[in-house]
Every structure is written in C-alpha cells, then in structure tokens.
> 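The structure follows.
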Amino acid sequence: MKVEVRATPLAPWRELASYEEAHPELAGGAGAASVFVGSMRDSNAGDSVTGMTLEHYPGMTEREMLRLCEEARDRWSLLDLLVVHRVGALLPGDPIVLVAVWSTHRREAFEAARHLMEQLKSTVPFWKQEQTDAGRRWVEKNTPGY
Amino acid sequence: MKVEVRATPLAPWRELASYEEAHPELAGGAGAASVFVGSMRDSNAGDSVTGMTLEHYPGMTEREMLRLCEEARDRWSLLDLLVVHRVGALLPGDPIVLVAVWSTHRREAFEAARHLMEQLKSTVPFWKQEQTDAGRRWVEKNTPGY
Amino acid sequence: MTVAVKFFASLKEQLGCDGATVEIGEVATAADVWLQATGGKSLPPNVLVAVNMEYADQNAAVQDGDEVGFFPPVTGGAE
Amino acid sequence: MTVAVKFFASLKEQLGCDGATVEIGEVATAADVWLQATGGKSLPPNVLVAVNMEYADQNAAVQDGDEVGFFPPVTGGAE
C-alpha cells in the first residue's frame with residue numbers, strides 16, 4: 001500500500017507499471033484492478049481555466065489518505081492500494097489524482113475505487129485555486145459523484 | 001474509440017500511455033478516466049490453475065464489443081473508450097481484459113467502465129478453458145459482478 | 001439453400017466439428033439448421049445462436065448464404 | 001498553555017496569516033484558540049477544525065503543545 005502527496009508531475013500509467021513491477025505478488029493473485037485518474041480540465045463553471053494550484057495540510061493530508069486506504073482495504077478485503085495526489089502548480093490536462101485498487105474479484109475493486117474517490121474529495125485536506133482570465137479564485141465546493 | 005481482440009501479450013499501462021499519447025485531445029477535456037484490468041488468477045474454484053486458453057468468434061466478437069462501446073458512449077456521453085481483450089494462451093498473472101473510459105466527470109466514467117465489464121462477461125463471445133493438474137476444463141459460468 | 005454453420009468452444013469439442021456447409025430447404029429456422037448440421041441431435045437449451053454474427057432466436061428464419069453460429073454461454077471478461 | 005495554530009487556503013488569505021503560536025488559559029476549546037489567534041473574529045460556520053491533525057469539533061478541548069488547524073471545506077480529488 002502506498003499513499004503519496006506529490007509536488008512534481010504525475011504520469012499515472014508509468015506509475016502503475018512501476019508499482020506492479022515492484023509488487024510481483026499482485027500477478028496471479030489479483031484478478032481485478034480498478035483505476036481512476038482525475039485530471040485538470042481546461043474549463044470550469046463556464047470559464048476557461050488556464051492553471052491551478054493545489055494546497056494541502058502537510059502531515060494531516062497524508063494521515064487522512066492513509067486512514068481512508070486502510071479502511072477501504074479492510075472493508076473490501078483488498079490486496080493492495082496506490083493513491084497519489086498532486087499539490088502545487090498544475091496546467092490543464094495534468095493528472096491531479098490517481099487511485100488504484102487491486103482485489104481478487106472485480107466488484108470489490110470497482111466499489112472500493114469509487115468510494116475512495118468520493119472520500120478523497122470530501123474528507124482529505126486539499127484545496128484548489130483556479131487561474132482564470134478574471135484572476136485567481138478558490139474552488140468553493142465539490143461536485144457530488146454519486 | 002478502439003476495440004481490439006489480441007492474440008499477443010497485453011501490457012495495460014503501456015497500452016494506456018500509448019493511447020493517450022495518440023489522442024492528445026483527451027488532455028484538458030477529460031477530467032476523469034476509469035480503467036479496469038482483469039487478469040488471470042492462479043486459482044479458481046479451489047483448484048490451482050496453471051494456464052488458460054481463450055477462444056472467440058472472429059468477426060462477431062469484435063462486432064459485439066464495438067456495439068457495447070457505442071451504446072456506452074451514447075448513454076454516458078463519454079469522450080473516448082478503449083477495450084482490449086486477449087485470446088489464445090495465457091499464464092497466471094497475464095492481463096485478460098483492459099477497459100478504459102474517458103469522460104468529463106467521474107460518475108460517468110465509473111458507471112460506464114463497470115457496465116462495460118459486466119456486458120463483456122455476459123454478452124461477448126469469448127470462452128475460457130483452464131488448465132489444472134486434473135487436465136483441461138471449460139469455464140462453465142460467469143460470476144456475477146453486481 | 002446453402003447455409004454456413006459454425007460451432008465454438010465446448011460445443012465444438014462435443015460435436016468434434018468446427019463447422020459445416022449445410023444444404024437445406026428454402027424455409028428454415030436456425031434450429032432446423034442445427035438439426036441438419038448435427039444429424040438430428042437435439043439442440044441443448046443453453047446453446048446460444050447467432051445469425052450472421054448477431055444474436056438470434058433459435059426460431060429465427062435463415063436465408064441463403066447466411067452464417068449460423070452455435071455456442072455455449074460466454075465466459076469472457078474477468079472474475 | 002501554548003498552542004500552535006495553522007490556517008489554510010482561502011482562510012489563510014482572508015486572515016493574511018499562515019499560523020501563529022497562541023498563549024491561552026489552561027482550559028480552552030478549539031473555538032477559544034480561534035478567538036485568541038484572530039483577535040476576536042467570529043468563527044465562520046463552514047470552517048473545519050483539526051486538533052493534532054485529526055478532525056475535531058470546535059468545542060473540543062485542547063492541551064498544551066497541541067496544534068490546531070482551521071481550514072475551509074476541502075476541494076481535492078477530481079470532478
């Protein structure tokens with residue numbers, strides 16, 4: 001299990017290839033992997049967005065991410081989890097968050113990945129600030145995902 | 001949109017990296033990507049499984065996969081889809097199927113990817129034969145995923 | 001008329017046959033094609049039928065030149 | 001007792017302050033710490049509170065050496 005807050009660019013597919021290479025025990029045991037990648041869009045609420053800055057609460061953010069992953073692992077008997085979330089400056093198209101879940105069967109993988117994404121959005125201390133033509137603005141609320 | 005039946009090894013993360021590289025329009029527009037990878041397990045129904053052979057109905061299989069993808073694209077307003085399914089000889093740990101869905105928001109991506117996996121299992125002509133210590137056996141039924 | 005028949009997976013093994021070309025009267029269903037191709041074996045209830053690579057009912061009419069596929073329940077995807 | 005205070009995101013900008021070290025009486029809640037740190041500003045209802053990096057109620061008691069974080073609703077993840 002790995003949880004990371006990253007200030008440098010995230011290449012999700014390369015990240016996953018490296019992680020599986022480093023965890024050969026997943027091959028053969030894990031019948032299912034469910035992955036979600038959330039990326040920065042070039043528009044929001046009708047405005048063109050040219051950049052984004054993500055802030056976090058160092059220490060607490062990692063702790064909350066780890067708590068969520070441990071809860072999900074136990075609830076769905078997951079084999080492994082990988083969660084990486086960006087902070088710092090992002091451009092449109094840049095991946096913001098990667099959630100990957102490995103399990104024996106597909107139902108657990110799908111449900112856990114989705115649950116983790118909702119929890120990441122609603123409970124982990126991250127804050128987005130968007131850069132638009134009208135200036136910088138803090139993103140004020142989350143879009144419901146269910 | 002790409003649908004493929006593949007007789008050679010599938011490296012899902014490399015496949016996704018290449019696909020996104022070839023489709024730069026996804027960056028910026030697609031806020032969400034949901035991916036599922038199903039791999040061959042080294043056991044099934046209590047028995048150790050040492051190999052698997054996947055058969056398909058050339059022509060019909062591709063047609064059914066394409067139909068499912070087009071239906072999902074229209075139903076969830078997806079931006080893009082990639083589905084690759086193995087046929088031929090597989091070993092434990094080998095990826096069998098890759099489903100990737102790109103959309104503006106995460107709800108659509110999650111729901112479409114899960115739906116596609118269920119449909120792939122229940123309607124597309126593929127048949128698995130397992131190799132166990134007791135010999136070869138056809139997999140007789142599907143495990144429900146919902 | 002002439003109809004192409006294909007068998008897949010366990011059905012192919014049980015019948016010992018990949019497929020066949022069948023000559024049959026002008027009015028025939030997929031089930032008639034099965035009987036002709038298998039020498040009168042009864043069609044197992046769980047066998048799936050496709051006419052020209054689209055799922056069809058066993059009572060669907062077939063035309064000259066059609067391809068009729070017979071196969072067991074599908075088992076692709078992942079656990 | 002001494003308590004470390006941290007502010008984040010829009011709250012940090014509004015207050016013009018990352019954080020502070022606050023001296024306060026032996027019996028104090030997170031809300032008391034807020035008042036002390038902000039010079040008596042009222043605590044906005046949507047502000048979240050963490051004591052030692054765990055979510056807490058604004059009426060939670062704080063101890064000497066604790067760290068109290070105040071921040072707006074979180075907006076991580078993806079759309």
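Here is the naming used below: chain letters follow the sequence lines, and residue numbers restart at 1 for every chain.
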> How far apart are the closest heavy atoms of B/Val124 and C/Val74, and which atoms are they?
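Minimum heavy-atom contact is O-CB, 3.2 Å.
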> Rounded to the nearest 0.5 Å, how far apart are OG of C/Ser10 and CD of B/Glu55?
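Between atom OG of C/Ser10 and atom CD of B/Glu55 there are 9.0 Å.
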> What are the two closest non-hydrogen atoms of C/Ala78 and B/Phe36, and how far apart are they?
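Result for this residue pair: CB-CE2, 3.9 Å.
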> Does a sphere of radius 6.0 Å around CD in B/Glu21 hold more than 12 heavy atoms from other residues, nucleotides or ligands, not counting ones at 6.0 Å or beyond?
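Open: at most 12 neighbouring heavy atoms sit under 6.0 Å from CD of B/Glu21.
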> Mind checking whether B/Phe126 and C/Thr75 have side chains closer than 4.5 Å, heavy atoms only?
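Of all side-chain heavy-atom pairs linking C/Thr75 with B/Phe126, none is under 4.5 Å.
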> With side chains defined as the heavy atoms from C-beta onward, is the minimum distance between C/Phe8 and B/Pro125 less than 4.5 Å?
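No; the side chains remain at least 4.5 Å from each other.
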> Measure the CD-CG distance between C/Glu79 and B/Asn44 for me, rounded to the nearest 0.5 Å.
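Answer for the CD-CG pair, C/Glu79 versus B/Asn44, is 5.5 Å.
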> Where does C/Asn46 contact chain B at under 4.5 Å (heavy atoms): side chain, backbone, both or neither?
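Interface part for C/Asn46: neither.
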> Give, as side chain, backbone, both or neither, the part of B/Arg137 having an atom under 4.5 angstrom from any heavy atom of chain C.
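When you check distances to chain C, no heavy atom of B/Arg137 falls under 4.5 Å.
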> Quick check against the 3.5 Å criterion: does B/Trp138 have a side-chain atom that pairs as donor or acceptor with the backbone of C/Ala9?
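No.
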> If contact means a heavy atom pair closer than 4.5 Å, which residues of residues 22-44 of chain C contact chain B?
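Result: none.
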> Does any backbone or side-chain atom of B/Glu64 lie under 4.5 Å from a heavy atom of chain C? Answer side chain, backbone, both or neither.
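The side chain, not the backbone.
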> Tell me, do C/Phe71 and B/His56 make a side-chain contact under 4.5 Å, heavy atoms counted?
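Not touching, per the 4.5 Å side-chain cut-off.
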> Might you point out which heavy atoms bring B/Arg63 and C/Asn52 nearest each other, and give the distance in Å?
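Taking B/Arg63 first and C/Asn52 second, the nearest heavy atoms are NH1-O, 3.4 Å.
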> Would you check if the side chain of B/Tyr57 reaches a backbone N or O of C/Ala50 as a donor-acceptor pair within less than 3.5 Å?
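Not at all, since once roles are kept as given, no pair shorter than 3.5 Å links the two residues.
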> Is a side-chain donor or acceptor of B/His85 paired with a backbone partner of C/Gly76 at a separation under 3.5 angstrom?
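Between the backbone of C/Gly76 and the side chain of B/His85 there is no qualifying donor-acceptor contact (under 3.5 Å).
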> With respect to chain B, which residue among C/Lys12, C/Glu13, C/Glu54 yields the maximal number of heavy-atom pairs within a distance under 4.5 Å?
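Option with the top pair count is C/Glu13.
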